[in-house]
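Take a look at the structure below.
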Amino acid sequence: MVSRPKRIVVIGATGSVGGSVLDICERFPDRFEVVGMAAGSNADSLLALAKKFRARRACLVNPTCETAAKFRAEGIELVSGESGLVWLAEMPEADHVVFASSGTNAIIALQRALEADKDVSLANKESIVAAGPWVMPLVRRPDQLRPVDSEHNAIWQCVRDEPEASANISRIILTASGGPFREWTVGRMQAAAPEDALAHPVWPMGSKITIDSATLMNKGIECIEAMRLFSLPHDRVGAVIHPKSFVHGFVVFKDASTKMIFSRPDMRLPAASALAWPERLPLDGLDEFSMPPMTDWRLDFEEIDAERFPCFGTALEAGRKGGAYPPLLIGADEVAVEAFLEKRIPFLTISNIIELVLQSYSGPSPNSLEDALALIGEGVRLAREICSAIGG
Ligand code: NDP
Ligand code: MG
């Protein structure tokens, strides 16, 4: 029996994952009511969405002067900045907060949502990679924090009904589509333009994560994300290329049994499972969500080529070392990807910049969230310095 709708806040509502989350909310109005939403600076889109979903509260992290009046005219309360994200994340009228913004400025809001005992669906991987040690201890109950990133959502679905899951997991394996350059030579990759790297063969996503998918930095970051979310050491988390992206992740248990989750590569599916848990929404049977006939399934897997995709190994090494390295990696990657998108550096230089940032750091490990945030800033600063030194 369905009780009153769950009251949802969507942070990053105007983005790609935010759109997937809202699509699910729109299909099931008896189950989900969107009460608040946030975006970075896109006031017009946020206002249109807030009106469509009748959300009464909104936050723009970087508003312009005139925006508050436009929202007020529609009866929508608008707040701003990171403190506005915190206000939305802990508001008493919300049951469930979805973190689907890019970047790292919702970390404190994420902490507050967990502390306020909200259910949390997490797509934003940068937060958990850079600040996992200060976020994970705030999770109060099983399944309070639900991964939306498709691979982690698959692992969560495999382990959430397993008693003693962490003691029984031998290892987990995430899948990667391989991105647009899976079959490209190094020479061709060197000359790749942003348009080439943005043409992802499987997943339509925001530009930052799409470039991270082309370098396979995304898969390395996801390995660290998995270490954090499932409390696993680096040597029990791996990744494999699976071009069709029907399988999202495997869990190998210590009795040599393996579970995996199959579904169409569509972010609305992990979003639906995270939003609805412990219910399952009736989506199977709809053409857009159902798997193709079994005879069309291709369970092909390949190793990741470390030479053509050095970012993958760089991220794994940052995860192995821990401490300062994950937040430095997140900061440096942000800058290197932006420089490539602005055509200031060639594609393969992204990995050189990040590698140099990690090598040049010799300071301490973070002892607090403030230290971790400062290290993201240090990654940004060092990467910018290297970029300008090479003329980028
Ligand atoms: P998009 O670029 O499509 O959307 C980003 C969202 O974040 C927009 O709503 C944007 O608002 C908002 N935003 C941008 N800057 C800020 C800021 N400074 N403060 C607060 N909000 C901001 O990204 P994606 O949807 O692709 O990705 C979002 C997150 O989910 C990322 O962490 C990504 O790694 C992760 N993820 C994405 C997947 C995907 O399929 N896209 C899959 C798995 C994980 P505005 O419109 O105003 O700029
Ligand atoms: Mg993913």
How far apart are the closest heavy atoms of [X] and [Y], and which atoms are they?
X: His200; Y: Pro180; result: CD2-CD, 4.3 Å
X: Pro243; Y: Val202; result: O-CG2, 3.7 Å
X: Leu174; Y: Cys223; result: CD1-N, 3.9 Å
X: Trp277; Y: Lys6; result: O-NZ, 3.3 Å
X: Phe99; Y: Ile11; result: CE2-CD1, 3.7 Å
X: Pro270; Y: Asn153; result: O-ND2, 3.3 Å

Would the number of heavy atoms belonging to other residues, nucleotides or ligands and lying under 6.0 Å from [atom1] of [X] be above 12?
X: Arg54; atom1: CZ; value: no
X: Arg171; atom1: CZ; value: no
X: Glu307; atom1: CD; value: no
X: Leu78; atom1: CG; value: yes
X: Lys208; atom1: NZ; value: yes
X: Glu288; atom1: CD; value: yes

Note to self: Checking His152 now: which residues fulfil ring-ring contact (aromatic ring centres under 6.0 Å, His included) with it, not counting sequence neighbours?
What the structure shows: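 Expected list: none.
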
Charged N-O contact under 4.0 Å between [X] and [Y]:
X: Arg381; Y: Glu385; result: yes
X: Glu302; Y: Arg182; result: yes
X: Arg146; Y: Asp119; result: yes
X: Arg264; Y: Asp287; result: no

Flag yes if [X] and [Y] sit in one hydrophobic cluster, no otherwise; membership is Ile, Leu, Val, Met, Phe, Trp, Tyr, and two members link when side-chain heavy atoms are under 4.5 Å apart.
X: Val251; Y: Ile261; answer: no
X: Val135; Y: Val237; answer: yes
X: Ile354; Y: Tyr325; answer: yes

Checklist line | Aromatic ring pairing Phe28/Phe32, orientation class (parallel under 30°, perpendicular over 60°, tilted between) | finding: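 Perpendicular, since the angle between the ring planes exceeds 60°.
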
Margin query: Distance alone, cut at 3.5 Å: any donor-acceptor contact between the side chains of Glu355 and Gln359?
Written below: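 Present: a donor and an acceptor within the cut-off.
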
Next item on the list: Say whether, by atom type as modelled, one donor and one acceptor occur between the side chain of Ser257 and the main chain of Phe253 under 3.5 angstrom.
Entry: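 No.
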
Notebook entry, point to check: Distance-only, no hydrogens or angles: does the Ser290 side chain make a donor-acceptor pair with backbone N or O of Asp284 under 3.5 Å?
Noted result: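 No.
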
Next item on the list: Using the test side-chain hydrogen bond (donor to acceptor under 3.5 Å, both in side chains), find all partners of Thr175 that sit at least two apart in sequence or belong to another chain.
Entry: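 By the side-chain hydrogen bond (donor to acceptor under 3.5 Å, both in side chains) rule, Thr175 matches no residue at all.
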
Next item on the list: Run the numbers on Arg4 and Asp95 for salt bridge (charged side-chain N to carboxylate O under 4.0 Å, His left out), then give the verdict.
Entry: CA-CA 11 Å; Arg4 72 164 167 74; Asp95 304 308; 3.0 Å; yes

Notebook entry, point to check: Could you state the interatomic distance from CG (Leu122) to CG (Asp149), rounded to the nearest 0.5 Å?
Noted result: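 One finds 8.5 Å between CG of Leu122 and CG of Asp149.
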
Check: Remaining members of Met294's ILVMFWY cluster at a side-chain heavy-atom cut-off under 4.5 Å?
Finding: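 Ile173, Val240, Phe246, Val247, Phe250, Val252, Met260, Phe262, Met291, Trp297, Leu299, Phe301, all in the cluster of Met294.
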
Next item on the list: Using the side chain to side chain contact (heavy atoms under 4.5 Å, CB included) rule, pick out the option among Leu341, Asp212, Val337 that qualifies with Ser207.
Entry: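 Testing Ser207 for a side chain to side chain contact (heavy atoms under 4.5 Å, CB included) against Leu341, Asp212, Val337 leaves exactly one candidate, Leu341.
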
